[in-house]
**Q** 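Got a structure for you, questions after.
Letters A, B, ... mirror the listed sequences (proteins, then strands); counts begin at 1.
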2 protein chains.
Amino acid sequence: MNKDILLQDQLKRTGLKTTRSRMAILDIMHDKDCPVTAEEIFLSLKEKEYQTNLSTVYRTLEALETADLVSRIQILNEDKKMFALNEVGHRHYLVCLECKRMVTIHGCPLENYDQHVEDETGFVILGHKLYLYGYCKECRPKRKVSGIDSSC
Amino acid sequence: MNKDILLQDQLKRTGLKTTRSRMAILDIMHDKDCPVTAEEIFLSLKEKEYQTNLSTVYRTLEALETADLVSRIQILNEDKKMFALNEVGHRHYLVCLECKRMVTIHGCPLENYDQHVEDETGFVILGHKLYLYGYCKECRPKRKVSGIDSSC
DNA sequence: CTACATGCAAACCGTTTGCACCCTA
DNA sequence: TAGGGTGCAAACGGTTTGCATGTAG
């Protein structure tokens, strides 16, 4: 399978051994193509009849993070953390407050803004994080909202 | 003390009883004027010789959140949550990755962007969250950085 | 064959909750 | 005086860790 060779390659390049777990987890994350929790990964693995363990999932994600293939992100004041595949360039997300679905936003409205703030504050700006919150087409009917959600 | 009367007023308006704990916690949050953790509040109270309890701090913050005086926010992939006083309008923060200091950014570069994304995606956008990450003047010398931090 | 990966169970740590007592309105 | 607030200790839940075993290179 070509895809497997690709994943193997990614691992080899970063000095990680290619184990079944790592392949399987990268595979799932590629499929989902959006941030996921450790538990979601664990459950997906189970669904695929792949026997594993939650702590292995965490350790694998940690390894992939160190290898810069994955980042750990935190949004919506939930208690769980999410993990996302690293892509070239940075990404912004649109988050549905009802179904928790996250959609990638392409392009960046803040091209020159980082520089502007550097000049104004004396910070060295390394990057930024931008999330838009709201309700998606499907969830909109479920909630009639007047004001902005306090979690925004 | 005038300040106390102000805080009392804020509480009364939201239907909360004015207790020593609530006054003390609001007071500390006003003083700090930046997001803080529950534990930081707890320690500040101790410093001021105000005997209390961590779970009271959490319960108080919860009450203040329900009353819309405070919001719970989460940034930097840390395990603790932070709490911030609600202000009119929304706020954006500049976060130092070294000392964790957060500075309020005034103004918003995304005035028309929400609308633009609504049109494009069919989401109802309720709000957005924007954080800039980097190193502040004081911490800049401590770290020589080449690329963007993976937590951004 | 050796260093690194994994499974399992137990520890960890921020946060929440149950319950008895206390205090504001 | 009644109903909400507080302190204390124990529970909770996501994540991490120690240790014995397994496996890729």
**Q** Expressed as a whole number of angstroms, how long is the span from B:Lys80:NZ to C:dC13:P?
**A** 11 Å

**Q** Is the distance from OP1 or OP2 of D:dG25 to the nearest side-chain N or O of A:Thr18 less than 4.0 Å?
**A** yes

**Q** Could you give the CG-to-C1' distance, from B:Asp9 to C:dA25, as a whole number of Å?
**A** 16 Å

**Q** What does the B/S/- profile of nucleotides 1-10 of chain D look like, 5' to 3', with a 4.0 Å heavy-atom cutoff to protein?
**A** --BSSBBBB-

**Q** Mind calculating the distance between CG (A:Leu45) and P (C:dT6) to the nearest angstrom?
**A** 11 Å

**Q** Regarding A:Tyr50 and A:Ser44, do their side chains bring together a donor and an acceptor under 3.5 Å, going by distance alone?
**A** no

**Q** Do A:Leu69 and A:Asn86 come within less than 4.5 Å of each other through their side chains, counting heavy atoms only?
**A** no

**Q** Nearest-Å distance, CG (A:Leu11) to P (D:dG25)?
**A** 10 Å

**Q** Between atom CG in B:Leu43 and atom C1' in C:dG14, what is the gap in whole Å?
**A** 14 Å

**Q** Would you compute the distance between atom CG of B:Leu26 and atom CG of B:Leu64 and round it to the nearest 0.5 angstrom?
**A** 5.0 Å

**Q** Just the rounded figure in Å: distance from C1' of C:dG14 to CE of B:Met82.
**A** 14 Å

**Q** OH/A:Tyr131 to NE2/A:His92 distance, rounded to the nearest 0.5 angstrom?
**A** 9.5 Å

**Q** Rounded to whole Å, how long is the line connecting atom CD of A:Glu39 with atom C1' of D:dC12?
**A** 14 Å

**Q** Would you say A:Arg22's side chain and A:Lys17's backbone share a donor-acceptor pair under 3.5 angstrom?
**A** yes

**Q** By salt bridge (charged side-chain N to carboxylate O under 4.0 Å, His left out), which residues pair with B:Asp114, not counting sequence neighbours?
**A** none

**Q** Rounding to a whole Å, what distance do you find between B:Lys81:NZ and C:dC13:C1'?
**A** 13 Å

